[in-house]
Structures are given as structure tokens and as C-alpha cells.
There are 2 protein chains.
Amino acid sequence: MAGIRDVAREAHVGIGTVSRYLNGSGYVSEESRNRIETAIKTLDYQPNELARNLYRNRSGIIGVIVPDLEHPFFSKLSKYIEINLYERNYKTMICNTVGISNREKEYLKMLERNVVDGIIAAAHTLHSEEYLKINRPILAMDKDFNGQIPLVHSDHKKGGALAAEAVIKAGCRNVLQFTTSSKVTTPANQRHIVFEEICTKHGIRVRTVETNWNLFSHEHFRRYMQKEMVKYPDVDGIFSADIPAIACMNVLKQRGYKIPQDVKIIGYDGLDVIYMTDPPLTSVSQDIEKLAECCVDTIIRIIEGKEYESHQVIDVDFVQGKSI
Amino acid sequence: MAGIRDVAREAHVGIGTVSRYLNGSGYVSEESRNRIETAIKTLDYQPNELARNLYRNRSGIIGVIVPDLEHPFFSKLSKYIEINLYERNYKTMICNTVGISNREKEYLKMLERNVVDGIIAAAHTLHSEEYLKINRPILAMDKDFNGQIPLVHSDHKKGGALAAEAVIKAGCRNVLQFTTSSKVTTPANQRHIVFEEICTKHGIRVRTVETNWNLFSHEHFRRYMQKEMVKYPDVDGIFSADIPAIACMNVLKQRGYKIPQDVKIIGYDGLDVIYMTDPPLTSVSQDIEKLAECCVDTIIRIIEGKEYESHQVIDVDFVQGKSI
DNA sequence: TTGAAAGCGCTAACAA
DNA sequence: TTGTTAGCGCTTTCAA
């Protein structure tokens, strides 16, 4: 591995000059410039980022913490975060917490150890305090730290309202919604609060099944729905995230229900899979690309000391399928 | 940010002693040990990995290059690669090439710049030479560099044979298979060669549609299939990767075909989505978890200078759905 | 068992 | 316009 001093020797200049050339800082004569260029080519020199990082005290890497990269929501989010970070000259380090709070904790520690310059946290099995005691760039997606950590999320209130509207229009009288644990203070739960509120106002009976989903495999959801749906043979409407909604649809169809004639289903997230089912799933779609862009822009602002919005809400959209 | 010299001062010992304590290298007296421990706690000291990396000339990061993180195959692969790397004390840097060879090239350069210690390359839009001229740890998934770069892939020959067997058993006479561009030298194409070979031997007509898929959205596949399937109204069997197979299934159903009565479909990959369709898709399943484990184990062996297998093949499995 | 010192490869300040 | 030098924060000799 050729180093900067090899280049300097080869080009018959000082290392300072090479460094200045490399970084475009300060003067380098035409003469030196040419000699350095040829030296770099002949030696196939590549600057060692490890050394640069130490001096600059930054790694140029952003950590992205997600619960499960296999879940289509998070894989799409990660994809667009990576694309946006790349365009801004940052690299992406990924962490799947897979429900293990200790992994989340260890990745937070990467911040203090200068492995990453900032973290976009979209997984939250860990206690809030662990986040709050770290005084470095962190951005939270879909988790409210009482305003103490900048927050980005979809307009889940509108999302809940859109779902309620669809259920009302479809004439449902007796609906079931599946929520994640209400113990977690995520803005994502607001959709279910708003949904219930509006439905109830319209005389629709809403029952809520609170779940504790750490696993995201279809198999898991399917088994869960198989057990759960026998308890509610009389429902005529379902509201839930896309993946469990699809599991639910399949279980219902297996049990002889017609969708949407007997039971209407509305999903949430607007993932690609909603087009693959029969009937295609109607869903409230989150704008994942925009969420990613917003997360990236904000974390970089924080890192670079620019001003930023501490609470940003991204619009959601209604995607008409045929399940409601 | 407290540094090692702060700890040394606080504990009234030399920097060397603190370092020895931190790394468990060399002697540290009980006395010093205790003083250092309290000093670390009071100062909340965290070693700066940037400095360690420079000295050790390693980053502890492995780059993972995939074409599209949003594709369920690659998101699942990435997930398990990250999990395996984490267990081996490595971190994961992700790159989506999204079909842009320049991105792939830039990530390769990270290797030479010491940003990453090794690369697991599962995307191959870039020219082979770019890979071959880099003399650092690289592992290829599903791309044959003439044996010059260690290779991991599924047993695609067996996969093709399993698919052929299913098609024969089901009594198809006239099948269509969708392949990726045959210009790319990926072992994954072997399944189609074997499939055609066996089918032909059994008197089944096989037509092959060569595609150039860089995009992976369902929408894209659906439009593609809509255009393509009108050309082959007489086929009674389809063999293709899961995602296009599902798009195909939906297009066929829309055009009034019954699956599997009129047309039988067999997918490839065994992704979670095969359980979400109606009928559930029969598929040849790749063992993604094992692929990930194998990739991780091998790249680490290469990095650490241990011996390794330069060509590893992972078994595939037949998953019976109801589409054939 | 320890502390002082050299150096990992680079950047930037400084004197020339 | 340039080369020399002093760090960046750590690890590891090496002499005490």
C-alpha cells in the first residue's frame, strides 16, 4: 500500500504539497500538480480513510437501526436512506435489532466510539433513557422521546382518518383493528386512536387487539391470525398493517369468507405486496421515499450544525385496492 | 470527550497502563486496575475507534453490495449477513447499486481506502476486471469470476431440475421460462439451462424469454408481464423467479386463466410472498440464511488469512404450493 | 509492573 | 508556492 510519503518522494515534492493537492486546499504549482498526478497513477495511490478519519474526527458513516431488515417497510426505508446518504457523501451502516435491546444499545455506543457520526433510529425496543443520555446526533423515526430527540414520522392521524372513512363508506358495523403494544410511545399508534374515535362517532363498533409483534415473518402472522380470528366470527371489517392484514385475508378466505363481500379489509403502509394478493389490498400508504429523504436531510443538518425542524410529519395517501 | 490520557491522569497511572488494561495485553497491578476502572466510570470514557482503527489498519466493517435492498431476496440476505457479521464482531456497510455500475465501483474503492476490511458482492453490473484488479478480500455471491474470486451460490442446477420435475409431473407440454440476461455469467442462470434440458428430454416445449431486469418493483414486473403474456396465449406452464412469477400469475388471472388448471406456475427463490398469493406459489427455495452464514464465514476467513473453500454450493429445496 | 516515546497515515499551521 | 513539523487518540515496543 503506497502512502502519501511515497507519492511525495516519487513526485519529488513534500508531503504537505501532496496533501494540499489531494484536498484542494492551498496552493500547488502547475509543475508540482503534474508530477503528483503521475506519481499517484504510477503508485496507484489511494488515501487511507482511516488516517483521515482520525484527524477529522469523523467517519462519514451514519448508523441506521431498524427492527428487521426483512420487513418490506424497513427494507424499503433502508434502501432509500442509503441512496440519499450516498448522494450526500455518507455511508450507511445497518443494524437489525431483531428485537434484541442489547443490540440496539451496542449500536448506540458506536456513536460515542466515533464509529458512526450519527444515528437514524427506527427501532425502539430499548429504554428511552439510553437514548437521552447520549449527547450526539440522533434522529428518531416513529418514536416520540417527549420532544427531546428530533422526530420524523408519517401523518398517522390522517392515516387513521382515511382508514375510518373507508370503513364508514363501505358500511362496516363491527370492525377489528390490530395494534402494536400501546406501551411503546410511537406516533404510529395514533392511527388506531383516531380510527376508533371516528368509527365510534359513526356508530361503528371497534374492538382492538393489542399485539406484541417482534417477529415479522408471514408464517408468524398467519399462525397468529389463525388463532385470533376464531374469536371474532362476526366482524365485517379489519384494519391493520399490510403484512398482518394479508395474513388475515388468507386466513379468512380459508375459512370461507369472501373478501370484500363478507369482510372488508384495509391495510396500512402501502407496501408492494398489496398488489400481489387477491383481491389486491386497499391500504393507507406511507411515503417511504420521502420519509427516508427527510431522515437523511435532518440527521446531516444535525451533524453539520445547521438548523433543523425537530418534528416533521410526512403526508400519507389512500391506495384503492379491492379489499374494501 | 474524555481520552485515554484523561483516564491516565485521573487514575494517576501512565497511558500505557490504561491501554494495557483496556486491551488485556500485558501486566496491570490490582491497584492500578481498580483506579483505572473508577476513572473510566467517572469520566464515562469510551475508546475512540477511529484511533484504534488507524493503528490496527482495519475498520472492522464489511461492505455488502446488493442490487436492490428492496427486493425481498436481498433484504433477507442482507439481514442475515448483518446478524452473522455482528456475532463475529464485524459491522455491516450496505450498498444498493440500483443498477448503477459506478456506485458498485465506488464501493469497491472503499476497500482500497481502508473504509471496509472486505466485501461481499452480490450485485454485478460492473465489469469483471474492476474486481480482479483489486487485491483485497472479496467474496462473490452468484457471480463466477472464472474461479479468480471465491464464490458462494445456491445449487441452481438442482433447482432447475426440481422445477423441471414438477412441470413434468404436472403434465405441462408447453412452458415458458423467464431468465435474466444470459450475458451475465451468473451460476443462477444454470437453473434455466438444466430446466430446459430436462424438459426437452421429456418432450416438453420450452421457450425462453430473456429479460434485462434492473428494476424490481412489482409494478414494473406487472407491466412487463402484461406486454409479454399476450405473445404466448398457448402456454400451460411458467418457470421464473418468485416476484415476476407472481406478477405473471396476476396478469394471467386477470385475463381469465385459472391457476393451476389452465396454466401451472413454479417460482424460484422461496420468498415469504409465495404464501401471500392465491393460490400460494409453488417454488424452489434458496436457503438464504445458510447463504448468508456461508458468505460471512468465508469473507472472515479470507480477511483473517485462514484457509477457505473457493467455491461453495448451498442446497435448495422444493416448496409445494398450489400453483402447480 | 510501569511510564515514556515512537508511530499508525494523514491534515493543517507555520516558517521559509 | 513550498517543506517541515506537530498533532489526531490510540497501541506497543522498550528501558527502567
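The chains referred to below are lettered A, B, ... by the order of the sequence lines, with proteins before strands, and numbering in each begins at 1.
In this entry the distance linking CD1 of A:Ile15 with P of C:dA12 reads 13 Å, nearest Å. Distance, B:Leu22 CG to D:dC10 P: 8 Å, rounded to whole Å. Distance A:Arg5 CZ to D:dG3 P: 14 Å, rounded to the nearest Å.
A residue-by-residue look at B:Leu54 and B:Tyr27 shows that B:Tyr27 has its nearest nucleotide of DNA chain C further toward the 5' end. Summary of the strand contacts: B:Gly14 and B:Asn57 both lie near DNA chain C, and taking for each the nucleotide with the nearest heavy atom, the more 5' one is attributed to B:Gly14.
Distances from the side chain of A:Tyr55 to the nucleotides D:dG7, D:dG9, C:dG3 place D:dG7 closest.
The phosphate of C:dT1 has neither OP1 nor OP2 within less than 4.0 Å of any side-chain N or O from B:Ser29. Between B:Thr17 and C:dG3, a side-chain N or O to OP1/OP2 separation shorter than 4.0 Å is present. Put simply, A:Arg20 has no side-chain N or O that comes within less than 4.0 Å of OP1 or OP2 on C:dA12. Here A:Tyr21 does not reach the OP1 or OP2 of D:dT1: none of its side-chain N or O atoms lies under 4.0 Å away.
Relative ring orientation between A:His153 and A:His156 is described as parallel, the plane-to-plane angle staying below 30° on a 0-90° scale split at 30° and 60°.
B:Asn53 and B:Ser59 are not linked by any side-chain donor-acceptor pair at a separation below 3.5 angstrom, with hydrogens and angles left out of the test.
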